[in-house]
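Scroll down for the structure; my scribbles are underneath it.
Protein chains get the first letters and strands the later ones, always in sequence-line order, with residue 1 at the start of each. Just so we're clear, the structure is a prediction, and the values are computed from it rather than from any experiment.
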Number of protein chains: 2
Amino acid sequence: MTLTRKGELTRTRIVLGASAEILESGVEEVRLEDIMARTATSKSQLFHYFPGGREELVLAVTRHETEQALAAQTAALQSFASWDDWQHWRDDMVAWYHGRGLRCPLLGLLSADAGRRMPEAQAVMTEFMTAWQAVLTEGLRRLQATGRIAADTDVESAAAALLAGIQGGILLMITTKRIDHLEAAIDQAAAALRA
Amino acid sequence: MTLTRKGELTRTRIVLGASAEILESGVEEVRLEDIMARTATSKSQLFHYFPGGREELVLAVTRHETEQALAAQTAALQSFASWDDWQHWRDDMVAWYHGRGLRCPLLGLLSADAGRRMPEAQAVMTEFMTAWQAVLTEGLRRLQATGRIAADTDVESAAAALLAGIQGGILLMITTKRIDHLEAAIDQAAAALRA
DNA sequence: GCCGGTTTGGACTGGCCGGTCCAATTTGCG
DNA sequence: CGCAAATTGGACCGGCCAGTCCAAACCGGC
């Protein structure tokens with residue numbers, strides 16, 4: 001499928017609109033009609049740019065969101081050198097979710113579809129988690145290199161635990177509409193690594 | 001609605017069957033027809049015992065599963081007195097999920113429905129998480145009382161972080177089909193508390 | 001300004017599935 | 001037994017919504 005500039009624009013408009021719609025209402029709730037309304041497109045456009053229909057569109061949204069999130073995390077973590085940086089990263093993340101009304105663009109996508117209905121989405125999510133963990137590991141290594149973390153600490157499993165804490169924090173944020181679990185998880189990880 | 005013994009039996013048969021069906025296929029995937037087939041019931045029975053239809057049934061399943069989980073956690077944690085107990089609890093939990101094919105009866109229920117479509121389910125889940133955290137806090141307090149955890153440790157936020165780690169571990173287990181995040185999260189929590 | 005391909009509009013369809021309904025059967029109690 | 005209530009069977013309905021289709025409009029190169 002060859003796209004002109006105009007087509008490209010429409011396509012991304014659809015992805016962004018669908019993304020927003022899903023964030024607000026959840027994957028399962030969103031109807032193609034909703035996306036059409038928000039993005040001012042017709043059904044034929046949807047199926048023109050996403051021949052696989054709804055599923056392909058959701059997959060595209062998943063890809064888009066994971067890329068965004070990963071880019072943000074990479075940017076924040078690649079210059080890790082002090083506990084101040086850590087604190088900054090933590091506060092930014094908390095603030096970001098606050099700004100989104102304590103919702104998460106990805107979590108809804110994950111457990112609803114991934115694994116059963118859409119193996120492809122599952123694969124994207126797995127890859128995303130793996131990449132995120134790698135980024136975290138890198139960050140921890142950087143702190144270790146500058147002596148902030150003891151040299152004999154196993155940063156691999158520390159990163160695994162930290163990622164779990166973050167994901168769980170987000171999950172609990174969505175469920176309970178409170179953000180303190182996320183804060184506690186990251187803070188406890190910091191405390192453990194500082195010791 | 002008054003239930004005879006027979007009715008009671010049918011009702012629980014439906015809940016258990018629906019529960020199993022949901023565990024296998026996910027809430028969204030499951031059709032009333034699937035549940036009817038598995039539990040050998042007719043549609044009129046479903047609506048007789050759950051006048052609210054699908055939604056009420058899912059809610060009943062949610063309640064059932066949370067009760068089970070909470071009972072299990074309470075049993076395991078109420079006799080906490082040593083790090084051996086901790087290790088046991090950890091291993092049992094890991095083994096339990098292994099036995100379930102690295103699936104979780106509750107996580108699917110949570111993010112799919114809770115919050116948007118079914119505020120009631122959301123409430124049940126929130127209550128469940130709160131209760132679980134309370135049970136964890138109790139357990140930690142017990143370890144603290146016997147000197148295994150430093151007296152000045154804030155067990156409240158430690159429990160919050162631990163719960164986040166567990167939830168995230170389960171989430172990552174579902175996504176990646178690996179259980180090491182859950183292990184790492186619990187182990188790191190133990191390490192942090194031991195120090 | 002003509003011609004291929006791209007983009008867009010929107011009516012229509014077809015299946016799926018939750019929910020309704022009524023009638024038949026069983027149960028428990030006096 | 002006899003009756004009222006509980007239980008069960010399953011046909012049927014109707015809305016919803018993803019996906020299809022055809023034709024119109026638009027665009028860009030020559």
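Counting to the nearest Å, the P atom of dA11(C) and the CE atom of Met36(A) are 10 Å from each other. Leu9(A) has its CG atom 16 Å from the C1' atom of dC26(D), to the nearest Å. Rounded to whole angstrom, the span from the CD atom of Glu55(A) across to the P atom of dA18(D) amounts to 13 Å. When the C1' atom of dA18(D) is taken as reference, atom CG of Leu57(A) falls 12 Å away, rounded to whole Å. In this structure, Phe50(B) places its CZ atom 15 Å from P of dG18(C), rounding to the nearest Å. Nucleotide dG19(C) holds its P atom 11 Å from the CD atom of Glu56(B), rounded to whole Å. Phe47(A) places its CZ atom 17 Å from the P atom of dA11(C), with the value rounded to the nearest Å. Atom-to-atom, NZ of Lys43(B) to P of dA24(C) comes out at 21 Å; the value is rounded to the nearest Å.
Here dT6(C) is the nucleotide among dT6(C), dG18(C), dA18(D) with the atom lying nearest to any side-chain atom of His48(A). Among the nucleotides dG18(C), dT8(D), dA18(D), the one closest to the side chain of Leu32(A) is dA18(D). Comparing atom distances between the Gln45(A) side chain and each of dG10(D), dG19(C), dG9(C) picks out dG9(C) as nearest. Closest approach to the Thr2(B) side chain among dT20(D), dT8(D), dA5(D) is made by dA5(D) (side chain taken as heavy atoms from C-beta onward).
Residue Thr41(A) places no side-chain N or O under 4.0 Å from the OP1 or OP2 atom of dT8(C). A close approach under 4.0 Å does occur between a side-chain nitrogen or oxygen of Tyr49(B) and OP1 or OP2 of dT8(D).
Mapping Thr4(B) and Gly52(B) onto DNA chain C by nearest heavy atom places Gly52(B) closer to the 5' end of the strand. Between Arg31(B) and Arg5(B), the one whose closest nucleotide on DNA chain C sits nearer the 5' end is Arg31(B).
Nucleic acid contact class of Leu3(B) (heavy atoms, under 4.0 Å, all strands): sugar-phosphate only. Contact annotation for Ser42(A): base contact, defined as any heavy-atom pair under 4.0 Å involving a base atom. Counting any heavy atom pair closer than 4.0 Å across all strands shown, Lys6(B) reaches sugar-phosphate atoms only and no base atom.
Within 6.0 Å of CD on Gln87(B) lie more than 12 heavy atoms contributed by other residues, nucleotides or ligands.
A pairwise comparison of heavy atoms in Gly165(A) and Ala185(A) identifies O-CB, 3.5 Å as the closest pair. A pairwise comparison of heavy atoms in Gln167(A) and Leu107(A) identifies O-CD1, 4.4 Å as the closest pair.
For Thr175(B) and Gln122(A), the side-chain atoms include no donor-acceptor pair closer than 3.5 Å. A donor-acceptor contact closer than 3.5 angstrom links the side chains of His181(A) and Gln133(B).
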